[in-house]
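Sequence lines set the chain letters: A, B, ... in the order given, protein chains first and strands last, and positions in each chain run from 1. Values below: every heavy atom of this structure, side chains too, minus hydrogens, waters and symmetry copies. Keep in mind it's a predicted model, so treat the numbers as computed, not measured.
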Number of protein chains: 2
Amino acid sequence: MSKQAEFAVILKMNPMFADLGADELQRLSNLCHTQHLGNGEVLFQKGDPGDALFGVRRGQVRIETGASDGSRLTLNFMGSGDLFGEVAVLDGQNRTADATAGEASELFVLRREDFLGFLEREPKVAIKIIALLCQRIRWQSERMEESMLQPLPVRLARRLCALAADFGSEVHISQEQLGVFVGAARESVNRQLQAWRKDAILDLQRGRILLRNMTKLTAIARNE
Amino acid sequence: MSKQAEFAVILKMNPMFADLGADELQRLSNLCHTQHLGNGEVLFQKGDPGDALFGVRRGQVRIETGASDGSRLTLNFMGSGDLFGEVAVLDGQNRTADATAGEASELFVLRREDFLGFLEREPKVAIKIIALLCQRIRWQSERMEESMLQPLPVRLARRLCALAADFGSEVHISQEQLGVFVGAARESVNRQLQAWRKDAILDLQRGRILLRNMTKLTAIARNE
DNA sequence: AAAGTTATGTGACTTATGACACACTTCTCC
DNA sequence: GGAGAAGTGTGTCATAAGTCACATAACTTT
């Protein structure tokens, strides 16, 4: 499979490009480049202009932010097939976090200028994207309120499920970081995790959480 | 001033159209129609297709939702010069609330099909709109978390300031509705308002709040 | 291996807010 | 003008979660 065809598949998996036609998708993926990163190499930093969208061909990229006190906080892990920077490439705003390769990686790169040129030539695609962004706006405002108003166990369960999608059942994250994610105190997170450990939903290790019973966890995430 | 020119002014005040060029704006506002509503007349209802964007030329339109228990809840008041339905017109999703004229009103109407046709002919405008939607997505996700995590006094003060922008210093709203707005119990709202009354920040009447000291209120809204 | 550093576990206390209960007031409508 | 509805004011209590204060455990560095 050609590089471009591979990229097209990744694009297609992302909701933002999911309903483009095969022909549109092909013309778009023809604009891509690739880029190699060594282990630990920095892809971009907070404040850099958002001049491209990336797809992970192989490897892993960590999205992280340097908190004001100097401690680093990992926000997300992008693995093979993941796409990131879709919003940045559309509006050109500066990056709001850092991205570093967690291992030697190869990325697809779609440059902003190329993408905008494409949209200008294909206004129908632009309109599809507009509809999609609107959907995201609605979705965001519905979900957001909903999720912040949930009690901590629900928020925590949701976050763990999301992390499980990236890590599998062995989530490697500190309870402190989890606390920041769900907007809660570290102690509260710990107490909840302990309770779940007693219920055999998970096991705890230093810097690591082993999900034992995803069924129960997702049930909690759905708020019964 | 022509009807179209008047509409152009309203569009220009809305961030979504603020950075269109004068020529683009003019071509866009040429697509508008007008519509008259009698007092109490229904403009659209929840579930109707979002097939147009509206601007209030004169009069007042209430955006409200019928809560599941049958009680109506006013979400917003659109007065002269206000624009609403910008998102609906872009993505065509169904209305999520009802709109009723609070008095005899005249509205500018920009139909979805006309607007999409315009975007297709002017891809540069589509791209500007895309950038704007992206900005809104970012803004929303930043603000949302921030605002839901604030203590009630801050959320309440913010909401009052926002309402003051529509109503002036005499906000006419029940404490119950205020409670729904800020996501708090009616009683908690009442207690906070009482405290502020003692501090001479505001006065209370049945169904009405008189803002006495906006300076202090905005200070609270900024969270000191 | 000793010392320091980071992550985790847990108890005691405080605080904000929701929930319920009820009195009181002002409107509305017949 | 009386009855009921809708809005408001307040007391009491329960609860979730934050804060503080340590104890302990696990990794790191020298």
Side-chain angles (χ1 to χ4, degrees), chain A residues 64 66-67 69-74 145-160 163 170-199 201-211 220 223-224, chain B residues 40 64 66-67 69-74 145-160 163 170-199 201-210 220 223-224:
Chain A
E64 45 187 22
D69 61 350
S71 70
R72 303 196 64 69
L73 183 64
T74 299
E145 337 187 1
E146 182 197 351
S147 82
M148 306 297 289
L149 296 175
Q150 297 299 326
L152 185 142
V154 177
R155 288 173 1 236
L156 196 53
R158 287 185 184 170
R159 181 62 65 164
L160 283 175
L163 288 169
E170 183 172 327
V171 174
H172 115 234
I173 186 177
S174 83
Q175 300 180 4
E176 174 101 46
Q177 292 199 355
L178 251 184
V180 178
F181 272 167
V182 301
R186 192 211 96 231
E187 295 92 324
S188 306
V189 169
N190 181 271
R191 278 186 262 262
Q192 184 58 56
L193 292 177
Q194 294 299 331
W196 284 339
R197 190 163 59 86
K198 290 193 183 66
D199 292 349
I201 293 176
L202 45 74
D203 261 333
L204 298 173
Q205 290 176 9
R206 183 193 175 84
R208 199 169 312 171
I209 299 173
L210 312 172
L211 283 344
I220 296 167
N223 201 1
E224 269 70 10
Chain B
E64 45 187 23
D69 61 350
S71 69
R72 303 198 62 68
L73 183 65
T74 300
E145 331 187 6
E146 180 194 352
S147 177
M148 307 294 290
L149 295 175
Q150 297 300 324
L152 184 144
V154 176
R155 279 159 25 222
L156 195 53
R158 285 185 185 170
R159 181 61 65 163
L160 284 174
L163 288 169
E170 185 173 325
V171 174
H172 117 233
I173 186 176
S174 82
Q175 298 179 5
E176 174 99 45
Q177 291 201 355
L178 207 43
V180 179
F181 272 167
V182 301
R186 193 211 96 232
E187 296 92 321
S188 305
V189 169
N190 181 270
R191 279 187 258 265
Q192 184 57 57
L193 291 177
Q194 294 297 332
W196 283 339
R197 190 164 60 85
K198 290 194 183 65
D199 293 351
I201 292 176
L202 45 74
D203 261 334
L204 297 174
Q205 292 176 8
R206 183 190 173 83
R208 201 169 308 171
I209 298 172
L210 311 171
I220 295 167
N223 201 0
E224 270 68 15

Of the listed nucleotides ([options]), which one gets closest to any side-chain atom of [X]?
{"X": "L204(A)", "options": "dG18(D), dG9(C), dA7(C)", "value": "dG9(C)"}
{"X": "E187(B)", "options": "dG18(C), dA17(D), dA21(C)", "value": "dA21(C)"}
{"X": "L152(B)", "options": "dG18(C), dT19(D), dG9(D)", "value": "dG18(C)"}
{"X": "R191(B)", "options": "dG18(C), dG18(D), dA19(C)", "value": "dA19(C)"}
{"X": "P153(A)", "options": "dA17(D), dG9(C), dA19(C)", "value": "dA17(D)"}
{"X": "Q194(B)", "options": "dG9(D), dG18(D), dG18(C)", "value": "dG9(D)"}
{"X": "S188(B)", "options": "dG18(C), dG7(D), dG11(D)", "value": "dG18(C)"}
{"X": "R206(A)", "options": "dT6(C), dT19(D), dT10(D)", "value": "dT6(C)"}

From [atom1] of [X] over to [atom2] of [N], roughly how many Å is that when rounded to an integer?
{"X": "Q150(A)", "N": "dG18(C)", "atom1": "CD", "atom2": "P", "result": "15 Å"}
{"X": "L178(B)", "N": "dA6(D)", "atom1": "CG", "atom2": "P", "result": "19 Å"}
{"X": "R208(B)", "N": "dT8(D)", "atom1": "CZ", "atom2": "P", "result": "11 Å"}
{"X": "Q175(B)", "N": "dC24(C)", "atom1": "CD", "atom2": "C1'", "result": "14 Å"}
{"X": "Q205(A)", "N": "dG9(C)", "atom1": "CD", "atom2": "P", "result": "11 Å"}
{"X": "K198(A)", "N": "dT10(C)", "atom1": "NZ", "atom2": "C1'", "result": "10 Å"}
{"X": "E176(B)", "N": "dG9(D)", "atom1": "CD", "atom2": "C1'", "result": "14 Å"}

Problem set entry | Pair of N/O donor and acceptor under 3.5 Å linking dT10(C) base with R197(A) side chain | no
Exercise. Is there a donor and acceptor pair, one atom on the side chain of R186(A) and one on the base of dG9(C), closer than 3.5 Å?
Worked result: yes
Exercise. When rounded to the nearest 0.5 angstrom, what distance separates CG in L210(B) from CG in L204(B)?
Worked result: 8.0 Å
Exercise. In Å, rounded to the nearest 0.5 Å, how long is the span from CZ of R186(B) to CD of Q175(B)?
Worked result: 7.0 Å
Exercise. Would you say the side-chain atoms of R155(B) pair up with the backbone N or O of G183(B), donor to acceptor, closer than 3.5 Å?
Worked result: yes
For this session: Ignoring backbone atoms, establish whether Q192(A) has a side-chain N or O less than 4.0 Å from OP1 or OP2 of dA16(D).
Result: no
Problem set entry | Steps toward side-chain contact (heavy atoms from CB on, under 4.5 Å) verdict (I220(A), L156(A)) | CA-CA 9 Å; I220(A) 296 167; L156(A) 196 53; over 6 Å; no
Problem set entry | Residue whose closest nucleotide on DNA chain C lies nearer the 5' end, P151(B) versus N190(A) | N190(A)
Problem set entry | Upstream residue (5' side of DNA chain C) when L193(A) and G183(B) are each assigned their closest nucleotide | L193(A)
For this session: Specify the closest pair of heavy atoms between V189(B) and G179(B), including all atoms of both residues, with the distance to one decimal.
Result: CG2-CA, 3.6 Å
